[in-house]
Visitor: 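A single structure is presented below for examination.
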Protein chains: 2
Amino acid sequence: MPARDAPRGRSASIWDVARAAGVSQQTVSRVINGKTRVSEETRAKVQQVIAELGYRPNRLAQALAGGPVRSVTVLTSDTALYGAAATLRGMEEAARTAGFSVGISVLDRDSPQSDIALRLSRPGEPVMVIAFDDAGRRALHALPPDVPVAAAVERRADDDSNNADDIDDAGGPWQVWLDDRAAAAHATRYLLGLGHRCVHYVAIPSSTSPLPQRTRGWQDALRGAGRPLPEPLQGGWTPRSGFLAVRSLLTDRSVTAILCGNDDLALGVMRAAREAGRDIPGDLSVVGFDDSPPSAYLNPSLTTVRLDFEALGRACFALLHHRLAPRTALAVPAWSEPELIVRESSGPAPA
Amino acid sequence: MPARDAPRGRSASIWDVARAAGVSQQTVSRVINGKTRVSEETRAKVQQVIAELGYRPNRLAQALAGGPVRSVTVLTSDTALYGAAATLRGMEEAARTAGFSVGISVLDRDSPQSDIALRLSRPGEPVMVIAFDDAGRRALHALPPDVPVAAAVERRADDDSNNADDIDDAGGPWQVWLDDRAAAAHATRYLLGLGHRCVHYVAIPSSTSPLPQRTRGWQDALRGAGRPLPEPLQGGWTPRSGFLAVRSLLTDRSVTAILCGNDDLALGVMRAAREAGRDIPGDLSVVGFDDSPPSAYLNPSLTTVRLDFEALGRACFALLHHRLAPRTALAVPAWSEPELIVRESSGPAPA
DNA sequence: TTGAAAGCGCTAACAT
DNA sequence: ATGTTAGCGCTTTCAA
């Protein structure tokens, strides 16, 4: 066994452990990795030395030497948004539980796509993309082909659209999504069921063109009920954008129900309603999307669609994990279907 | 120059570039790192080949070979909380801008401290800790001594406490914090100035013992005004905990002003007030802490203390960066002082 | 200005 | 069951 110096300033390496334990460096490696080909006696001795020296394996070196992949980078575009933040939490938790270290890289609105590869710690580094919006989606497409990737996306893969522009399986089957479309339709039907003649919609910016899933679901329900389709109002991600989007609309008293692309928009809409002298839910019903944490405590509390972002994030990791190390069966944990949570902000249409 | 095979499946390495460019591997390294000792001609040639081959340096190998440190791991305990999430955003942005890759590891409520070192990708990996709460603080203490660390913490280093238990400079000077104490005092004085006899306080869980900064600031102001000090009410992090904490208190009509440890608590408090038939701000003033995004749009909109978490995160990285590579001067970007944002939820004491 | 050699800490393949 | 060897892709010496 080649002699190595004792640690001098630098922290203990696998060689230091090997020398102190009187075994080869390779045996230490076997112990670290839980391989079976080590006698109980030797294993115990090595682990004792590891504890004594405070040895911690260098994951960089492990990865470089071709060890199993134990790291993943998450690309996401705005962690200030509840959906992205919750999805990230789910991904991080699942990855950490599986022994992966998690890198995160936030996409600027206008970060050049050529940068994407440089955010990875090495060629071939596995990646998860939170691609609910356009920045995420562009990043997903800009990823080099040799990168193993799984993504949480907006649209469903089995979309029934005829629009060729909308067909896009660049991510292959390695995608997970929530059924926004059905959820939006369900929420809209709920409002129609309350007697509202029409339901207006304030849209979030979307990654899909021409029509995002939530917008489609809303249209599905209106069409199904034989109602006219008003133009969707274009909002952003913030309460302010919701506020601005509906301000003029609210002067029209025939508008009695508004579905919002997320809870923040709904917050702005409710504010605008208050300033317009509208009563919620007396003469205006407002429904949000996401069930972000404050929603249950707003005044009035917000009727909204609960989406299981955390479980979606966990499932996305499970998908990636399976892609990296296919085991017997692909076991992706299930996530809950979107669920309408009825609270105070919605009620029967005014007489 | 030793011959190497062309890339076969694996992506291009520095050797592939060297061979294709007809230079040594070392010269390619110089070009990558922007060293000056390369002729213009050679540099151009190498860069052209790099582009042709789609070569991307392997950051793992760079780090392993003793290159400059270009990665950092953030330890944080609950990214669902606005303060932690905003601080993380600031850290990530600053780090990415400086060319660092960012790892993130979320601390469980009861993750064993022995785990901490294993979350790092290598011994000596630099770390930032978001230590606003107890989990973060314990992680900060559990970090091995050879780890370069900077932390965003709750308490100020120059605390005037006499309690030895409270003195703790384990993190050394590599800490940044917001002046919670002064801010809480300011908010409390603001309420007293509106004519309120007393101000009650609903506390967030805290990393410092026995008394967290916000609680102290609140007490400072009450003492300064010669008012009695009610027991602080213990809340958690959620609206629900705020709701539960004050429910019984609100039956007492002499309670006219409540300061909350964060905006989520305030949300729950306002809900409880509504259910108790109290009018805000007519007969009850509520003030929050953090200025989280929804606050401006709540009903009523929330008077709160704005804290510049993102800038704090950026400053924390600047500190760490300087620690890793001391340059001429330590230039830590300034962050804003806490600022009271007066909105609709606070007003004069009832007659 | 450029090249060659050594080695970062580890794992895999092949010994024994 | 354990040891030896050869890299992983790069940066640092040191030489030319």
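So you know, we letter chains A, B, ... as the sequences are listed, proteins then strands, and number each from 1.
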Visitor: Ignoring backbone atoms, test whether A:Ser39 places a side-chain nitrogen or oxygen under 4.0 Å from the OP1 or OP2 oxygen of D:dT2.
Guide: yes
Visitor: Nearest whole angstrom, please: distance from the C1' of C:dC10 to the CG of A:Asn58.
Guide: 8 Å
Visitor: When you measure from the side chain of B:Ala61, which nucleotide among D:dG3, C:dT2, D:dG9 comes out closest?
Guide: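 Side chain of B:Ala61 sits closest to D:dG9.
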Visitor: Scan B:Arg30 against the nucleic acid and name what it touches under 4.0 Å (heavy atoms): base, sugar-phosphate only, or nothing.
Guide: base
Visitor: Can you name the ring-ring contact (aromatic ring centres under 6.0 Å, His included) partners of B:Tyr55, sequence neighbours left out?
Guide: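 With neighbours one apart ignored, the set is empty.
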Visitor: When you measure from the side-chain N and O atoms of B:Thr42 to the phosphate of C:dT1, is any distance below 4.0 Å, counting only OP1 and OP2?
Guide: no
Visitor: In whole angstroms, how far is the P atom of D:dG9 from the CG atom of B:Leu60?
Guide: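 Distance, rounded to whole Å: 11 Å.
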Visitor: Nearest-Å distance, CG (B:Asn33) to P (D:dT12)?
Guide: 7 Å
Visitor: Show me, pair by pair, the donor-acceptor contacts under 3.5 angstrom made by side chains of residues 99-106 of chain B, not counting sequence neighbours?
Guide:
| from | atom 1 | to | atom 2 | distance (Å) |
| --- | --- | --- | --- | --- |
| B:Ser105 | OG | B:Arg119 | NH1 | 2.6 |

Visitor: Would you call the rings of A:His322 and A:Trp174 parallel, tilted or perpendicular if under 30° counts as parallel and over 60° as perpendicular?
Guide: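 Tilted: the ring planes of A:His322 and A:Trp174 meet at 30° to 60°.
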Visitor: Within the pair A:Ser29 and C:dC10, is there a side-chain N or O less than 4.0 Å away from OP1 or OP2?
Guide: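 For A:Ser29, the contact criterion (side-chain N or O under 4.0 Å from OP1 or OP2 of C:dC10) is not met.
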Visitor: Apply salt bridge (Lys or Arg N to Asp or Glu O under 4.0 Å) to B:Arg56 and list each qualifying residue two or more places apart in sequence or on a separate chain.
Guide: A:Asp146
Visitor: Could you pull out every donor-acceptor pair under 3.5 Å between side chains of residues 43-50 of chain B and any protein atom, sequence neighbours left out?
Guide:
| from | atom 1 | to | atom 2 | distance (Å) |
| --- | --- | --- | --- | --- |
| B:Arg43 | NH2 | B:Lys35 | O | 2.9 |
| B:Gln48 | NE2 | B:Glu52 | OE2 | 2.9 |

Visitor: Starting from P on D:dG9, measure out to CG on B:Leu53 and report it in whole angstrom.
Guide: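 Whole-Å distance recorded here is 14 Å.
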Visitor: Do B:Arg138 and B:Asp134 meet the salt-bridge criterion of a basic N to acidic O distance under 4.0 Å?
Guide: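 A salt bridge links B:Asp134 with B:Arg138.
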Visitor: Please work out if B:Gln26 contacts a base, only the sugar-phosphate, or nothing of the nucleic acid, heavy-atom cut-off 4.0 Å.
Guide: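 Contact class for B:Gln26: base.
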Visitor: Could you list the donor-acceptor pairs under 3.5 angstrom formed by side chains in residues 121-131 of chain B, with sequence neighbours left out?
Guide:
| from | atom 1 | to | atom 2 | distance (Å) |
| --- | --- | --- | --- | --- |
| B:Ser121 | OG | B:Glu125 | OE1 | 3.2 |
| B:Ser121 | OG | B:Glu125 | OE2 | 3.4 |
| B:Glu125 | OE1 | B:Ser71 | OG | 3.0 |
| B:Glu125 | OE2 | B:Thr73 | OG1 | 2.7 |

Visitor: Closest-nucleotide mapping onto DNA chain C: is B:Val38 or A:Arg59 further toward the 5' terminus? I mean the 5' end.
Guide: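 Of the two residues, B:Val38 wins.
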Visitor: Could you check which of C:dT11, D:dT11, D:dT2 has an atom nearest any side-chain atom of A:Gln62?
Guide: C:dT11
Visitor: Below 4.0 angstrom, which residues in residues 63-71 of chain B have at least one non-hydrogen atom near DNA chain D?
Guide: B:Ala65, B:Gly66, B:Gly67
Visitor: Measure from CH2 on B:Trp15 to P on D:dC10 and round the result to the nearest Å.
Guide: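 About 11 Å, once rounded to whole Å.
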Visitor: Could you give the CZ-to-P distance, from A:Arg19 to C:dG9, as a whole number of Å?
Guide: 13 Å
Visitor: Looking at every heavy atom in both B:Pro148 and B:Leu320, which two are closest together, and how far apart are they?
Guide: O-CD1, 3.8 Å
Visitor: At less than 4.0 Å, is any side-chain N or O atom of B:Ser13 found next to OP1 or OP2 of D:dG9? Yes or no.
Guide: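 Indeed not, no polar side-chain atom of B:Ser13 lies that close.
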Visitor: I'd like to know if B:Gln25 reaches the base of D:dT11 with its side chain such that a donor and an acceptor end up less than 3.5 angstrom apart.
Guide: yes
Visitor: Rounded to the nearest angstrom, tell me the gap between atom NZ in A:Lys45 and atom C1' in D:dT2.
Guide: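 To the nearest whole Å, that distance equals 17 Å.
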Visitor: How many Å lie between CZ on B:Arg43 and C1' on C:dT2, as a whole number?
Guide: 13 Å
